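A short worksheet on the structure shown next.
As a basis for the values below, the full set of heavy atoms in this structure was taken, side chains included, without hydrogen atoms, waters or symmetry mates. Not measured: the values here are computed from a predicted model.
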Amino acid sequence: MKILYYDWDEYTGRDCMDIMKALGWMVSVVKYRLTDYENDASFEEQMSRVLKMGYDCIFSFNFYPILSKIAKENGILYLSWVFDSPHLTLESDTISNTCNRVFVFDRKLCEKYQERGISTISYMPLAYNGTRMNDFPRGRAREYQHEVCFLGTLYDDSYNFWDQIKFIPENERGYVEGIIACQQLIYGMDLCEQLMTSERCKQLLQYISVELPENYEDCRNDILRKMIQKKITVEERRNLLQRVGERFSLDLYSPKEPDNLPVNYLGYADYLTQMPEIFYTSKINLNITLRSIQSGIPLRVIDILGVGGFVLSNYQAEFEEYFTYGKDIVWFDCPEDLVEKIGYFLRNDELRERLASQGHETASQIFTYEKLLPKLFAEAFGGTF
């Protein structure tokens with residue numbers, strides 16, 4: 001297998017490429033900062049020259065329409081493994097190019113596109129580097145550095161587009177604020193999909209400018225829903241961290257220090273060099289899923305389990321496909337349940353560590369690059385790897 005890997009400095013890149021090489025595949029890397037995901041004559045010319053050396057496919061994390069275009073013109077496959085949510089480029093008309101083999105980690109999202117007749121998108125959960133985690137010294141006596149830890153962004157930044165809208169009629173704003181409040185109490189059901197109907201979206205979009213490239217599906221309704229889901233996540237993460245921080249010692253690793261939260265802010269954590277140690281030395285690792293991920297298992301959960309950490313997460317439907325509740329993983333149903341379970345598992349060290357160990361064992365059988373990359377390539381090429 002000869003792979004031309006497009007590297008855009010994604011944090012998963014090194015792990016993925018290391019395992020590709022360990023599997024005996026030849027990997028050549030093209031690193032180029034795209035400013036236009038659709039057209040770039042210089043990049044297209046460069047890629048076409050490189051492809052003349054003979055490759056079986058182009059591979060990237062996330063979907064780049066320009067790579068699909070290049071693959072189509074050069075008669076090879078383009079494999080894309082999407083880990084961002086939402087991911088707007090999936091709405092490009094290039095998504096239907098027959099050279100594409102696009103894999104998304106959210107089963108509901110996959111079903112949505114397949115129901116639209118898009119056959120180039122398939123389902124594949126996300127992965128971690130099992131070899132790197134096997135080298136992590138989990139066997140040593142576990143010296144805990146954190147009681148409760150949350151590692152992630154609070155999204156109260158320039159990408160929180162809902163708060164940037166200058167005017168919405170009060171009745172429309174009140175309707176959305178009701179959804180935002182209610183959704184924080186409900187897991188396993190997306191209120192935005194159900195309550196933000198096409199008619200509701202049409203009313204709101206009178207006051208919101210959404211520009212799309214000409215060759216994109218008219219997905220403005222979905223963009224509006226994703227804006228609301230991001231706002232729900234902003235509110236939910238702050239509210240949950242507030243409740244937890246008032247009761248327990250809560251350490252926060254995030255790119256930006258939050259205002260007025262009872263947390264111990266510890267800065268940004270590097271994915272490769274710091275995160276495994278943080279997850280392993282935290283008694284409880286919190287996961288609060290971005291609400292645009294409807295059913296899928298976030299990479300954060302897989303990374304925590306991969307290193308042998310204990311994770312306490314909100315409910316995601318796909319947990320039940322892979323894990324046994326109370327054996328591999330524990331999830332909470334509401335803010336009160338989260339606080340209660342934190343207290344319970346802080347008091348029960350042996351049970352908590354047994355769950356972490358079993359969760360790691362289950363993850364190591366399913367969610368490693370060593371296992372999923374051959375499966376992904378087999379599905380893409382219709383063979384065995």
Worksheet item: Between Glu73 and Ser48, do the side chains contain an N or O donor and an N or O acceptor separated by less than 3.5 Å?
Response: no
Worksheet entry | Ion pair check, Asp9 and Arg14, cut-off under 4.0 Å | no
Fill in: Salt bridge flag under 4.0 Å for residues Arg107 and Glu321
yes
Worksheet item: Roughly how far, to the nearest 0.5 Å, is CG of Leu151 from CG of Asp303?
Response: 9.5 Å
Worksheet item: Is it true that Phe103 and Trp8 fall in one hydrophobic cluster, defined by side-chain heavy atoms closer than 4.5 Å?
Response: yes
Worksheet item: For the atom pair OH (Tyr268) and OG1 (Thr153), what is the distance rounded to the nearest 0.5 Å?
Response: 11.0 Å
Worksheet, complete the sentence: Between Tyr315 and the options Trp331, Tyr325, Tyr187, the ring pair (Phe, Tyr, Trp, His ring centres under 6.0 Å) test singles out Trp331
Practice prompt. For the residue pair Asn287 and Thr289, confirm or rule out a side-chain donor-acceptor distance under 3.5 Å.
Written response: yes
Worksheet item: Taking atom CD1 of Ile228 and atom OG1 of Thr233, what is their separation to the nearest 0.5 Å?
Response: 12.0 Å
Worksheet entry | Qualifying residues under ring pair (Phe, Tyr, Trp, His ring centres under 6.0 Å), relative to His146, sequence neighbours excluded | Tyr253
Practice prompt. Output the distance between atom CG (Asp349) and atom CZ (Arg354), rounded to the nearest 0.5 Å.
Written response: 12.0 Å
Discussion item. Can you tell me how far apart CD (Gln229) and CG (Leu191) are? Round to the nearest 0.5 Å.
Written reply: 10.0 Å
Practice prompt. Go through the steps for Phe59 and Phe377 under the test side-chain contact (heavy atoms from CB on, under 4.5 Å), then give the verdict.
Written response: CA-CA 10 Å; Phe59 180 94; Phe377 273 73; 4.2 Å; yes
Fill in: side-chain hydrogen bond (donor to acceptor under 3.5 Å, both in side chains) between Asp7 and Tyr32, intermediate numbers included
CA-CA 7 Å; Asp7 179 0; Tyr32 186 96; over 6 Å; no
Discussion item. Tell me whether Glu44 is salt-bridged to Lys69, with the criterion being a basic N under 4.0 Å from an acidic carboxylate O.
Written reply: yes
Worksheet item: How close do Gln358 and Asp328 get, heavy atom to heavy atom, and via which atoms?
Response: CG-OD1, 3.1 Å
